[in-house]
Engineer: 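One structure, as structure tokens, below. Some questions next.
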Amino acid sequence: MHSPTPTDALAADADPLGRERSHLAASRAALTAMREDVEALDLRDVTGTWVSSLVLQKQIDERIKALADLAHTPLFFGRLDYLHAISEAESEGSGGERFYIGRRHVHDADGDPMVIDWRAPVSQPFYRASRKDPMDVAKRRRFGYTGGELTAYEDENLSDPEESETSSALLAAEIEKPRVGPMRDIVATIQPEQDEIVRADISGTVCVQGAPGTGKTAVGLHRVAYLLYAHRDRLARTGTLVVGPNRSFLHYIEQVLPALGELDVAQATVQELVGHVEVSGTDGTETARIKGDARMARVLRNAVRAGISLPTEPCVVVRGSRRWRVPAYELEEIVRELMGREIRYGAALEALPQRIAHAVLVKMEQGGEAPDDRVQDAVARNAAVKATVKACWPVVDPVKLVHRLLSDPAFLAAAADGVLTAEEQAAVLWAKAPRSVRTTPWSAADAVLIDETADLVHRTPSLGHVVVDEAQDLSPMQYRAVGRRCTTGSATVLGDLAQGTTPWATGSWQEALHHLGKDGAHVEELTQGFRVPGEVIAYASRLLPAIAPGLAPATSVRDAPGSLTIRQVSSGLDAAVLDACRAALRHEGSIGLIAADARIAALAGALAAAGLGHLDPGVETTAETRLTLVPASLAKGLEYDHVVLDEPAAIIAGEPDRRTGLRRLYVSLTRAVSGLTVLHTEPLPAELG
């Protein structure tokens, strides 16, 4: 798309803001025209069958949906003025080109681009260009919006040596903007180090260790959107998946991707991934830890193969008037050969009758017959062959096998011999074995064991790319469950070791990546925060020596004096909390009241009595209801403009051990975007100083 050179354009730009608003209006009109063109398509003359008609209509419906002009979502957020023409349509020496960078591609009636997708290669300098390396960009312009209306702009003349380096006021304003509604995406505010992660090659797995407020979740979602743009055909075949810690979290983030132009990305929790049984039971801490230990994979493998036995009798197949005998020693060779191969139990079970049938066909040929493949298939279905297979290689039902393993001490002892100690075996056994699999109160850890067993029997299908967020809380067996979903694909692993709040929380990313099956993956550490005010993150970071001594303290680009208030209450904590919530509601944006799970019921009653309406985590805030009551156990991954934190000592006491309690407190302290108020009656932990 040609435009005058940047210098000429500046001279002619008497009303720059009006000019940009006009381009925005024209771009929106062009997007509407693109949508109307698709809606007007007549399929009657272009489809051969009703099946192809349905497929094409579905594709058109998806295209119409993708062309929606989202309200209050800026169509473009930046502009690049290049020094030289870079598109093939421009003749050599014709001067620079101008591109508007936005959330999706928009073209005019002639097909010329009016807005360029942020994921396109030509958009990359918007995120990475600097005065040190301007990447042929004369000017980078950022736009400011209020309620969807373009209200401001800001320029950086990257190729002008006279202009000094300054921080972006619009960038800071966008980061700090109060939010009501779904999670704010960062497509307009991506930093160079984040952009490198977003655009990393699809063939490799990337692990992001990110301190609170560094944008790791948003980076992961933008990476999904980028990969779908750059490798759409490949991922359309193989699929993508975002794995989150709970449904509240997934609901919280699910509205980011449509704003990035992507509508169909599957989302699931680990429990939903392994949904072979209904989970209705719970495990004690030690039991859950052992069931989540990677050694359980060896126990399950031993249990699956425990039923295999070497044949002691020949297999005699009768066909017509002739009998064909495969001796026991020959059968034993076949079984041993399958045992020695590292193939799935179910694949071996399917291969065994064919191997026996092939041995019969060899004897037929030696006897002068000329059997073909149809004869081999018929022999494989012969009753004698089936009986031999059943005796040597019985069918394994994953649910029934795990039920037996956890209820039969002798069976568990045999499978866990040399793997688990006697005490560990006793810990995972049910105190009272359920009568049947249907009446079993399966726990979340049990479901993962069943999923591992199912994979030992039949290979789990692999997706093209999986993003797993809050990964630090996964057990080794859960990592294996996620890894099974991307054995032939890649992954983006997001988390913060300091926020690990399960007894089996990840000790190191190298260990986690090993269990995921992605040894050697690149680990990127993000320590510069954009969300949490510097005063708040510095206070929370006092806990790091106790909860994650190897991590560097996070920093923040946001200097917001007065963003942290700590107040000890001598009596009437509930009343003080209500007052703090009222004070927070006088500010713009969302308010989160975070408390120990045991305090939630009492605080909900106090809020209701005071007439303060509130929401549950994951429910979208509105202009009328901006206060969310958040159990500390669900606070991870969420953010609020203002946070009122109730009784830190109770949050610590609500966890099985002090380190986990301090980590839970660290999570709760780092949810605020603009201001944090901490109220307490009991002493604060000594680790906070």
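Throughout, numbering of the chain's residues begins at 1 and tracks the sequence.
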Engineer: Between His222 and Arg199, does the side-chain contact (heavy atoms from CB on, under 4.5 Å) criterion hold? Intermediate values first, please.
Structural biologist: CA-CA 9 Å; His222 285 67; Arg199 298 175 194 261; over 6 Å; no

Engineer: Less than 4.0 Å between a side-chain N and a carboxylate O, is that true for Asp641 and Arg626?
Structural biologist: no

Engineer: Within the 4.5 Å heavy-atom criterion, are Pro212 and Ile537 side-chain neighbours or not?
Structural biologist: yes

Engineer: Closest heavy-atom contact between Gly489 and Lys518?
Structural biologist: O-NZ, 2.7 Å

Engineer: Can you check whether Leu516 reaches Val482 side chain to side chain, under 4.5 Å on heavy atoms?
Structural biologist: yes

Engineer: Taking Ser123 for its side chain and Asp117 for its backbone only, find out whether a donor-acceptor pair lies under 3.5 Å.
Structural biologist: yes

Engineer: Using 0.5 Å steps for rounding, measure from the CD atom of Glu620 to the OG1 atom of Thr622.
Structural biologist: 8.5 Å

Engineer: How long is the span from the CG atom in Leu645 to the OG1 atom in Thr565, to the nearest 0.5 Å?
Structural biologist: 12.0 Å

Engineer: To the nearest 0.5 Å, how far apart are CZ in Arg140 and CG in Asp81?
Structural biologist: 12.0 Å

Engineer: Considering residues, nucleotides and ligands other than Glu149, do more than 12 of their heavy atoms fall under 6.0 Å from its CD?
Structural biologist: no

Engineer: Quick one, Leu24 and Arg28 - any side-chain contact, counting heavy atoms below 4.5 Å?
Structural biologist: yes

Engineer: Should the ring pair His105 and His107 be called parallel, tilted or perpendicular, given that the plane angle runs from 0 to 90° and is split at 30 and 60?
Structural biologist: tilted

Engineer: Measure from the side-chain N and O atoms of Ser668 to the backbone N and O of Arg664, and report whether any donor-acceptor pair falls under 3.5 Å.
Structural biologist: yes

Engineer: Check step by step if side-chain contact (heavy atoms from CB on, under 4.5 Å) holds for Val115 and Leu31.
Structural biologist: CA-CA 10 Å; Val115 180; Leu31 180 60; over 6 Å; no

Engineer: Measuring from Met34:CE to Asp108:CG, what's the distance to the nearest 0.5 Å?
Structural biologist: 10.0 Å

Engineer: Return the minimal non-hydrogen interatomic distance between Leu497 and Gly507, and the atom names on each side.
Structural biologist: CD1-O, 4.1 Å

Engineer: Quick one: side chain to side chain donor-acceptor pair (under 3.5 Å) partners of Asn246, sequence neighbours excluded?
Structural biologist: none

Engineer: Verify, without hydrogens or angle tests, whether Thr487 (side chain) and Ser462 (backbone) share a donor-acceptor contact under 3.5 angstrom.
Structural biologist: no

Engineer: Taking it one step at a time, do His23 and Arg98 satisfy side-chain contact (heavy atoms from CB on, under 4.5 Å)?
Structural biologist: CA-CA 12 Å; His23 188 78; Arg98 174 177 296 167; over 6 Å; no

Engineer: Below 30° counts as parallel, above 60° as perpendicular, anything between as tilted: where do the rings of Trp118 and Tyr127 land?
Structural biologist: perpendicular

Engineer: Using modelled atom types only, decide if a donor and an acceptor are shared between the side chain of Arg671 and the backbone of Val667 within a distance under 3.5 Å.
Structural biologist: yes

Engineer: Donor-acceptor pair, Asp15 side chain versus Gly18 backbone, under 3.5 Å?
Structural biologist: yes

Engineer: Working to the nearest 0.5 Å, report the span between OG1 of Thr151 and CG of Leu17.
Structural biologist: 7.5 Å

Engineer: Does Arg531 use its side chain to pair, donor to acceptor, with the backbone of Gly215 at less than 3.5 Å?
Structural biologist: no

Engineer: Given Arg141, which partner from the list Glu20, Glu156, Glu154 fulfils the salt bridge (Lys or Arg N to Asp or Glu O under 4.0 Å) test?
Structural biologist: Glu20

Engineer: Do you know which two heavy atoms are closest between Tyr229 and Ala120, and how far apart they sit?
Structural biologist: OH-CB, 3.3 Å

Engineer: If the test is side chain to side chain contact (heavy atoms under 4.5 Å, CB included), which one of Val673, Leu627, Ile591, Val630 qualifies with Tyr640?
Structural biologist: Val630

Engineer: Hey, could you give me the OH/CG distance between Tyr539 and Leu676, rounded to the nearest 0.5 Å?
Structural biologist: 8.5 Å

Engineer: With a 6.0 Å cut-off on the ring centroids, do Phe77 and Phe126 count as close?
Structural biologist: yes

Engineer: Looking at Ala200, is its backbone amide N or carbonyl O close enough to the side chain of Arg223 to form a donor-acceptor pair, meaning the two atoms are under 3.5 Å apart?
Structural biologist: yes

Engineer: What heavy-atom pair brings Met114 and Tyr100 nearest, and what distance separates the two atoms?
Structural biologist: O-CB, 3.6 Å

Engineer: Is it true that a side-chain atom of Tyr82 and a backbone atom of Met135 form a donor plus acceptor pair closer than 3.5 Å?
Structural biologist: no

Engineer: For the residue pair Ile197 and Lys216, establish whether any side-chain heavy-atom pair is separated by less than 4.5 Å.
Structural biologist: no

Engineer: Evaluate the side-chain proximity of Leu688 to Leu543: yes if any heavy-atom separation is below 4.5 Å, no if none is.
Structural biologist: yes

Engineer: For the side chain of Arg21 and the backbone of Leu150, is there at least one donor-acceptor N/O pair under 3.5 Å apart?
Structural biologist: yes

Engineer: Would a 4.5 Å heavy-atom cut-off, applied to side chains only, mark Arg663 and Gln472 as touching?
Structural biologist: no

Engineer: Report the C-alpha distance between Asp473 and Lys636 in whole Å, list the side-chain angles of each, state the deciding distance to 0.1 Å, and finish with yes or no for side-chain contact (heavy atoms from CB on, under 4.5 Å).
Structural biologist: CA-CA 11 Å; Asp473 277 336; Lys636 192 173 298 178; 2.2 Å; yes

Engineer: Can you name the closest pair of heavy atoms from Leu158 and Val137 and give their distance?
Structural biologist: CB-O, 3.7 Å

Engineer: Would you kindly say whether Glu196 and Gln194 are connected by a side-chain donor-acceptor distance under 3.5 Å?
Structural biologist: no

Engineer: Does any non-hydrogen side-chain atom of His465 lie less than 4.5 Å from one of Val467?
Structural biologist: yes

Engineer: What is the minimum heavy-atom distance between Ser159 and Leu83, and which atoms define it?
Structural biologist: OG-CD1, 3.6 Å

Engineer: Within the structure provided, determine whether Gln209 and Asp496 are in side-chain contact (heavy-atom separation under 4.5 Å).
Structural biologist: yes

